[in-house]
Amino acid sequence: MSSSDSDALVLSDDPLHPANLIPELCRNFYQLGWVTGTGGGIGIRVGDKVYIAPSGVQKERILPVHIFVLPYPQAAPSPHTDRVFLRRPSLNLKESACTPLFWNAFELREAGSCIHTHSQNAVMATLLWQGKEFTISHQEMIKGVRVGGVARALSYLDTLVVPIIENTPNKEDLKDSMAEAMKEYPNAAGVLVRRHGAYVWGSDWEKGKTQAECLDYLFEIGVKMRQAGITTVVSS
Ligand SMILES: CSCCC(=O)C(=O)COP(=O)(O)O
Ligand SMILES: [Zn+2]
């Protein structure tokens, strides 16, 4: 494929094209403090293509030409390449180190997007919930969260449970523990990574964004409640 052919995979006048959405969403997430200092990001899958941002760059300054495009499902990689690409940026960039983790959401939940945040709300939740689960109940925003991130919405009467996995020095090493947590908690809409952040997904980019917003709200209110010493639920 020539570079102009492969550029056609990321150059579009449509603001909803994933190569336009990823830069826009990353700018929004930067304002929320989710992707500062180059950390965090989003991967979007539409049908048989996955769109991924570069690694280690200022995520709020990404352009469509910086986007990698990978086939989905991923063909078996050759011994000389880790991954198969339909399009790589001409600049000397590497795909996000989150790619294998985003793949967990695509494969295990048939997700259409996966968002990785370095939100301090998520990190604080993993510090105040020292076990392997974050839980919260009796919050209206629980109704915005979907079972498994992609199915029916939870009810006000449901308790939200998000598994917490331990961080590792190398991001790639999180793939297996994230997948194990997703299998052990099939109803969870995301996975928290202790002292690091969260991975949240949805069936498309909009629903993934909504899931990430609802979960981040619940991490924040949960943290504030613990810090205020509120441990009981008062009814009526
Ligand atoms: C200060 S960022 C450390 C690496 C990390 O956790 C991260 O999310 C960055 O991922 P990237 O997409 O830049 O490979
Ligand atoms: Zn990270």
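Counting convention: from 1, in listed order, for ligands and their atoms alike. Side-chain atoms are counted along with the backbone in the values below, which use heavy atoms only and exclude waters and symmetry mates.
Sorted by first and then second residue, the side chain to side chain donor-acceptor pair (under 3.5 Å) pairs involving residues 97-108 (not counting sequence neighbours) are Asn104-Lys175.
Here the N, O or S atom of His118 that is nearest to the Zn ion (ligand 2) is NE2.
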What's the verdict on side chain to side chain contact (heavy atoms under 4.5 Å, CB included) for Arg87 and Lys49, showing C-alpha distance, side-chain angles and the deciding distance? CA-CA 10 Å; Arg87 194 243 175 211; Lys49 292 186 185 63; over 6 Å; no
Start with the C-alpha distance between Gln139 and Tyr156, add both sets of side-chain angles, then the distance that settles side-chain hydrogen bond (donor to acceptor under 3.5 Å, both in side chains), and finish with yes or no. CA-CA 7 Å; Gln139 285 292 331; Tyr156 177 73; over 6 Å; no
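Counting non-hydrogen atoms of other residues, nucleotides and ligands closer than 6.0 Å to CG of Asp14 gives a total above 12.
Checked against the 6.0 Å centroid threshold, Tyr51 and Phe68 do not count as a close aromatic pair.
At least one N/O/S atom of His116, from backbone or side chain, sits under 2.8 Å from the Zn ion (ligand 2).
Listed by chain and number, residues touching ligand 1 at under 4.0 Å (heavy atoms only) are Gly37, Thr38, Gly39, Gly40, Ser55, Gly56, Lys59, Ser96, Ala97, His116, His118, Lys171, His196.
Between the side chain of Asp7 and the main chain of Val65, no donor-acceptor pair closer than 3.5 Å is present.
Closest approach of Ala189 to Arg146, counting heavy atoms only: CB-O, 3.5 Å.
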